[in-house]
Amino acid sequence: MAANEMPEIKVDADSMYREESFTDLKVGSIRRLVPVTKDGEDDSARDVRYEGSASLMTPAGNLPLSFELEADTLSGAIDQFPDAVNAAAERAIEELKEMQRQQSQQIQVPGQGDFGGGGGQQGGGRIQF
């Protein structure tokens, strides 16, 4: 593909959903995704989906969480929300711990990256971001 050619971006007309949002304005929100045809009519051949979202405050800032809710109704999604958000938070925390572990195991070599040892060509003693 040439540098100035963009790939064709196309909306999948057979996979359209109408999005409805519900929130308690405190903890999080639930999205109900209602399948629709390309004409915007409800598509009863596909299942309604529910997705939850919330934010986890960390020392590094706000961490957004998104998760699927296995429910058939809004009431069922509300009931599942606490367990699902806790599971999503645990997964996010474990992923962060793993990234920190991997980062701490990297070998710093003078002159590479942001080591800042001053003797290397690339680092030059400056902090690089």
Side-chain angles (χ1 to χ4, degrees):
M1 177 179 343
N4 60 354
E5 286 185 39
M6 293 290 296
E8 183 179 354
I9 300 173
K10 211 169 152 179
V11 173
D12 184 356
D14 296 326
S15 298
M16 299 300 292
Y17 287 84
R18 179 179 65 243
E19 181 179 325
E20 300 171 337
S21 184
F22 305 90
T23 182
D24 64 355
L25 297 176
K26 297 175 190 168
V27 174
S29 63
I30 296 173
R31 293 187 321 154
R32 177 168 48 198
L33 301 167
V34 180
V36 295
T37 65
K38 63 182 175 181
D39 298 321
E41 301 298 321
D42 287 1
D43 183 354
S44 60
R46 296 184 290 145
D47 292 333
V48 173
R49 297 175 54 183
Y50 290 90
E51 296 178 353
S53 62
S55 294
L56 177 65
M57 290 306 296
T58 71
N62 196 22
L63 178 64
L65 301 172
S66 295
F67 43 93
E68 192 167 336
L69 297 164
E70 300 288 335
D72 295 325
T73 63
L74 178 60
S75 176
I78 291 168
D79 290 344
Q80 281 189 10
F81 192 94
D83 289 338
V85 73
N86 286 333
E90 287 175 13
R91 280 191 306 274
I93 290 168
E94 287 304 313
E95 287 174 13
L96 287 172
K97 286 179 181 177
E98 177 62 18
M99 288 185 340
Q100 286 176 333
R101 185 188 66 74
Q102 289 177 1
Q103 193 73 16
S104 70
Q105 291 179 350
Q106 288 184 349
I107 298 173
Q108 295 290 327
V109 178
Q112 290 186 346
D114 59 39
F115 180 72
Q121 294 289 329
Q122 195 172 1
R126 295 185 306 245
I127 297 174
Q128 297 176 350
F129 295 97

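Asp24 places a side-chain N or O within donor-acceptor distance of the main-chain N or O of Lys26, the cut-off being under 3.5 Å. Side-chain N or O atoms of Arg49 include none that pairs as donor or acceptor with a backbone N or O of Pro35 at under 3.5 Å. Formation of a donor-acceptor pair under 3.5 Å by the Arg46 side chain with backbone atoms of Val36 is found in this model. A donor-acceptor pair is defined here as one N or O able to donate and one able to accept, closer than 3.5 Å; such a pair exists between the side chain of Asp43 and the backbone of Ala45.
Smallest separation of non-hydrogen atoms from Phe81 and Ser53: CZ-O, 3.7 Å. The two residues Leu56 and Ala89 make their nearest non-hydrogen contact at CD2-CB, 4.2 Å.
Leu63 and Val85 fall within the same hydrophobic cluster, defined by Ile, Leu, Val, Met, Phe, Trp and Tyr side-chain heavy atoms under 4.5 Å apart, directly or through other members. Leu33 and Leu74 fall into different hydrophobic clusters, defined by Ile, Leu, Val, Met, Phe, Trp and Tyr side-chain heavy atoms under 4.5 Å apart, directly or through other members. Tracing side-chain contacts under 4.5 Å through hydrophobic residues (I, L, V, M, F, W, Y), one never reaches Leu69 starting from Tyr17; they form parts of separate clusters.
The salt bridge (charged side-chain N to carboxylate O under 4.0 Å, His left out) search around Arg31 returns Glu19, Glu51, not counting sequence neighbours.
Applying the side-chain hydrogen bond (donor to acceptor under 3.5 Å, both in side chains) rule to pairs touching residues 65-93 yields nothing, sequence neighbours excluded.
Between Gln100 atom CD and Glu98 atom CD the span is 10.5 Å, to the nearest 0.5 Å.
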